[in-house]
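Numbering of residues begins at 1 and proceeds along the displayed sequence. Basis for what follows: all heavy atoms, side chains included, without hydrogens, waters or symmetry-related copies. Atoms within each ligand, like the ligands themselves, are counted from 1 in listed order.
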Amino acid sequence: MATRTVPAAPEPQAPEAGQPETPVMVRQLCWEAAGVVSVLLARPDGGDLPAWQPGAHVELLLPTGLVRQYSLCGSPGDLSGYRVAVRREPASRGGSEYVHSFLRPGQPLRIRGPRNHFRFEPADSYLFIAGGIGITPILPMVRQAVASGARWSLVYGGRSAASMAFRKELAPHRDAVHLYAGDESGRIPLAALLGRTHPDTAVYACGPEPLLDAVTDGAGHLPQGTVRMERFRPRTREHAHNTEVEVVCARSGRTVGVPAERSVLDALADAGLPVAGSCREGVCGTCETRVLEGVPDHRDDILSGEEREKGDRMYLCVSRARTPRLVLDV
Ligand SMILES: Cc1cc2nc3c(=O)[nH]c(=O)nc-3n(C[C@H](O)[C@H](O)[C@H](O)COP(=O)(O)OP(=O)(O)OC[C@H]3O[C@@H](n4cnc5c(N)ncnc54)[C@H](O)[C@@H]3O)c2cc1C
């Protein structure tokens with residue numbers, strides 16, 4: 001049998017100022033589908049974990065030094081444990097590889113969160129769209145929709161039926177659940193589906209970039225704010241030109257010049273200011289900061305169009321400024 005070595009050198013992580021950590025223990029590992037393992041985390045003393053709502057994720061602080069985000073896919077009504085499900089990335093830099101190859105029941109671990117940038121809002125009718133491991137934040141939303149008596153349907157696509165996690169849990173709702181296993185029934189007909197979606201239907205989508213791009217294209221006719229999505233990794237985009245920016249930290253009474261080649265997050269951390277970050281890619285939301293003055297240049301994959309226009313918060317790890325000066329609540 002081939003031996004696996006623990007992925008060693010941790011990549012540099014962003015500063016972690018003031019982010020509370022919760023010690024947990026791995027209670028159970030479960031093979032959910034080809035390449036997907038679920039992990040049940042509980043407090044070592046058996047106590048309750050912090051409350052959460054559908055759409056929330058936690059950060060796993062892996063013993064190798066890597067920090068990775070995973071959506072909570074258990075039940076918010078059961079705080080005796082958090083369930084996450086991790087897909088093994090073939091080109092892993094170490095996060096999912098560690099979970100699959102080295103995590104064991106009984107192992108102590110630390111987590112941060114829950115944090116939620118994919119909030120599930122009350123509606124009379126929902127369309128859920130999930131691709132691959134993107135089913136994880138959608139699953140608790142489905143359960144809440146069932147509990148609230150709302151009308152809902154889920155379209156769930158994957159490369160093959162064998163790779164699609166939680167099909168058994170969805171089986172009781174087979175009238176509302178439409179599975180698209182790529183090797184059997186092809187891709188989700190997103191354009192047609194969104195084309196006949198009523199404007200009052202709230203659409204929640206999570207999955208790989210091509211699926212989310214197709215959702216964006218197909219939902220052009222729906223009112224702004226109808227579609228909410230979460231990306232597990234940043235969109236591919238052109239390299240943007242950076243310029244220097246002056247950042248006034250209102251609470252700390254300090255001003256920091258951010259050079260073009262440094263992120264705002266790193267420059268503020270270098271100056272010893274109390275900022276927190278994790279993914280450095282504009283997807284996890286840890287570095288969300290209130291903007292008091294100035295216009296941010298949003299480069300994250302979290303804010304909706306409406307939220308961007310409002311301009312009252314930004315993600316310091318990737319976003320910059322459209323004005324020479326920003327005043328932040330730091
Ligand atoms: C809010 C949120 C929730 C998430 N929820 C889940 C979940 O429920 N389940 C789940 O499995 N995952 C989830 N993820 C993704 C997860 O956090 C990890 O990104 C994932 O497990 C891959 O980590 P890794 O270290 O194995 O792979 P990484 O090394 O991070 O690689 C991921 C992919 O990026 C590519 N890549 C490699 N190197 C680089 C590089 N230098 N720069 C950019 N890309 C690179 C690789 O080709 C690979 O395909 C979530 C992410 C976010 C932000």
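- Ring-plane geometry between Tyr82 and Trp52 is classed as perpendicular, the angle between the planes exceeding 60 degrees on a 0 to 90 degree scale with a lower cut at 30.
- Each of the following atoms of ligand 1 lies closer than 4.0 Å to a heavy atom of Gly95: 24 (P), 25 (O), 26 (O).
- Note on ring orientation: taking the six-membered ring where Trp is involved, the planes of Trp152 and His173 are perpendicular (angle over 60°, cut-offs 30° and 60°).
- Annotation for ligand 1: atoms under 4.0 Å from non-hydrogen atoms of Val86 are 11 (O).
- For atom 24 (P) of ligand 1, the candidate residues are Gly35, Pro137, Ser92, Ala56; the nearest heavy-atom contact is made by Ser92.
- Comparing Arg231, Glu59, Gln69, Glu89 against atom 22 (C) of ligand 1, the shortest heavy-atom distance belongs to Glu89.
- Met229 and Phe128 fall into different hydrophobic clusters, where Ile, Leu, Val, Met, Phe, Trp and Tyr are joined by side-chain heavy atoms under 4.5 Å apart, directly or via other members.
- When non-hydrogen atoms are compared, ligand 1 lies under 4.0 Å from neither the backbone nor the side chain of His117.
- Residue contact check: Ile133 has heavy atoms under 4.0 Å from atoms 9 (N), 10 (C), 11 (O) of ligand 1.
- Residue-ligand proximity, Thr136 to ligand 1, at heavy-atom distances under 4.0 Å covers atoms 7 (C), 8 (O).
- One finds the CG atom of Asp297 at 8.0 Å from the CE atom of Met314 (value rounded to the nearest 0.5 Å).
- With 3.5 Å as the limit, one finds a donor-acceptor pair spanning the side chains of Glu32 and Ser38.
- No part of Pro90 comes within 4.0 Å of ligand 1, judged by heavy-atom distances.
- Using a non-hydrogen distance threshold of 4.0 Å, Gly94 registers as a contact of ligand 1.
- Under the rule for a side-chain hydrogen bond (donor to acceptor under 3.5 Å, both in side chains), the partners of Gln107 that lie at least two apart in sequence or sit in another chain are Tyr98.
- Proximity annotation for atom 40 (C) of ligand 1: of Arg93, Arg115, Glu97, Arg93 comes nearest, heavy atoms only.
- With respect to Gln69, the side chain to side chain donor-acceptor pair (under 3.5 Å) criterion is satisfied by exactly one of Arg115, Glu59, His57: Glu59.
- Within ligand 1, counting atoms from 1 as listed, the ones closer than 4.0 Å to a heavy atom of His57 are 1 (C).
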Next on the checklist: Show, in sequence, the C-alpha distance, side-chain angles and deciding distance for Tyr156 and Phe166, and conclude whether the ring-ring contact (aromatic ring centres under 6.0 Å, His included) test is met.
Outcome noted: CA-CA 11 Å; Tyr156 175 20; Phe166 306 123; 8.5 Å; no
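- Those atoms of ligand 1 with a heavy atom of Glu230 less than 4.0 angstrom away are 1 (C).
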